[in-house]
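Everything below concerns the one structure shown next.
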Amino acid sequence: MNDGMVELVGRRPVTFGRRKVTPRACVADSKRHLRAFLSEVLEDLGFVTSECASADELQTVLATELPDLILLGVATDGIEPGRFLEILVREAFAGKVLAVGARESIVVRAVRQVGEEYGLAMLPPLTTPFAAETLRERVAMLLPEEPAPSPAVHVGEALHAGWLELWYQSKIDARTLVRSGAEALVRMRHPTWGVVPPAYFIPEPHDPHLRDLSEFVIDRAMRDWHYLLEQQSPVDLSINLPASYLREPQAVRDLCRRVPTHPAFGGLTVEIDSEEAIRDLDLLTEVAREVGLYNIGLSIDNLGANWPALMELDRIPFVKLKADRQFVTGSGNDRLKRTVCRHIVELAQGYGARAVAQGVESRADLVAANELGFDFVQGFLFGKPMPLKKFARSTLTKTVME
């Protein structure tokens, strides 16, 4: 067994190495929206989460999930928290307990006191409203000291088990700072490892499961587009596909067939990595001509120092050129990065395409992107990628320049 993997012996996890791979937490609260919010914050910190709405559900979670942390929502009458504590004591829960409730609440203080009297490991209460950093400080002892090793999970297994989902990150108009679309990014929600980024499971180009993954991305993005339409307003989406998928004529026809026929559909952008795109320019020129009839445009992704390969061409099949984040982040203070970005913007303008800067993480990056003439920006300054339902709830209520 590899170092860092967890083996279950009896009802408690035994760790090989210095720490468990991924901490687990259960959010116990009767209010669904509070459970969802707290779970999202914990997942951002690296926890695998579960939820329970009642004391009876908590007993099941303790037996099956083996959580390291219980976030206990404190009701005003104090009856439900009392039942939760009874179960934790009866089951000899050995993890940490964090009470969450209103500031200056007598019940919150009482829950901590009673829990400590019964031998539970009670953390200092988390009073509402709170900042995410405050929660991180409370649970810091449970977080891994080093990044978890990559999980040995093949994408075929993830597809079969239903562990894959799409997360979304907003694309912003560089001048108005209004959301102009979103990029779909595939994530794995593994039952042990938690949320896993694609670098750990994207298959090699020759892997036959790459086509299955591409089919998943297309189908889920189109389904998510309809969900977003129902929840707020139409959002123009972009998805990432390998050029190899588009070599198959039937795959291209299927892609065209799957786009929504709804009158609110504003178009779909297919992003292709720059190395693949440059290598398959002739193929993608033909593909662009076919998919353009169905309001689908091609975009070149992660364009960087290889930008000269696009010079001196009569035309390119791309509606957008997207600068690699390594040349955007910190470009305000780096002449070399600014030079690469400027050439990418000039290329886009020369070919009648739009220029996108990904990796905008500070106001300085945004100012540089505006000065260089990028049409769209994307990055942590405007928000990290987030699950579909959280993205649907999010709105850009004010500009970051205010």
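Worth saying up front: this structure is predicted, and the values here are computed from it rather than measured. Index from 1, following the sequence.
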Is a donor from one side chain sitting under 3.5 angstrom from an acceptor on the other, for [X] and [Y]?
X: Asp173; Y: Ser180; value: no
X: Ser238; Y: Glu183; value: no
X: Glu165; Y: Trp167; value: yes
X: Thr49; Y: Glu43; value: yes

Nearest 0.5 Å, please: how far is [atom2] in [Y] from [atom1] in [X]?
X: Glu361; Y: Thr329; atom1: CD; atom2: OG1; result: 4.0 Å
X: Glu276; Y: Leu283; atom1: CD; atom2: CG; result: 10.5 Å
X: Lys389; Y: Tyr168; atom1: NZ; atom2: OH; result: 13.5 Å

Nearest non-hydrogen partners of [X] and [Y], listed with the distance:
X: Leu237; Y: Ala221; value: CD1-O, 3.5 Å
X: Leu42; Y: Leu69; value: CD2-CD2, 4.3 Å
X: Arg338; Y: Gly332; value: NH1-CA, 4.0 Å

Residue pair Lys390, Asp44: steps toward the salt bridge (charged side-chain N to carboxylate O under 4.0 Å, His left out) verdict: CA-CA 12 Å; Lys390 183 176 181 180; Asp44 286 343; 3.6 Å; yes

Can you name the ring pair (Phe, Tyr, Trp, His ring centres under 6.0 Å) partners of [X], sequence neighbours left out?
X: Trp225; result: His262, Phe265
X: Phe376; result: none
X: His226; result: none
X: Phe47; result: none

Salt bridge (charged side-chain N to carboxylate O under 4.0 Å, His left out) assessment of Arg112 paired with Glu116: CA-CA 6 Å; Arg112 183 186 185 188; Glu116 289 176 340; 3.2 Å; yes

side-chain contact (heavy atoms from CB on, under 4.5 Å) partners of Asp375, counting only residues at least two apart: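 So Asp375 forms a side-chain contact (heavy atoms from CB on, under 4.5 Å) with Arg175, Arg354, Ala355.
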
Reference residue Ile300; test side chain to side chain contact (heavy atoms under 4.5 Å, CB included); the match among Ile316, Leu281, Ile278: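 Output: one option passes, namely Ile278.
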
Worked verdict on Arg289 versus Glu286 for salt bridge (charged side-chain N to carboxylate O under 4.0 Å, His left out): CA-CA 5 Å; Arg289 184 179 298 112; Glu286 295 300 318; 2.8 Å; yes

Donor-acceptor under 3.5 Å (Lys96 side chain, Met122 main chain):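 No; judged by distance alone, with no hydrogens or angles, the pair does not exist.
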
Option from Gln169, Arg325, Gln358 for which side-chain hydrogen bond (donor to acceptor under 3.5 Å, both in side chains) with Gln378 holds: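 Testing Gln378 for a side-chain hydrogen bond (donor to acceptor under 3.5 Å, both in side chains) against Gln169, Arg325, Gln358 leaves exactly one candidate, Gln169.
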
Pairs satisfying side-chain hydrogen bond (donor to acceptor under 3.5 Å, both in side chains), at least one member in residues 211-223, at least two apart: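 The answer is Arg211-Glu215, Arg211-Glu248, Glu215-Tyr245, Glu215-Arg258, Asp219-Arg258.
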
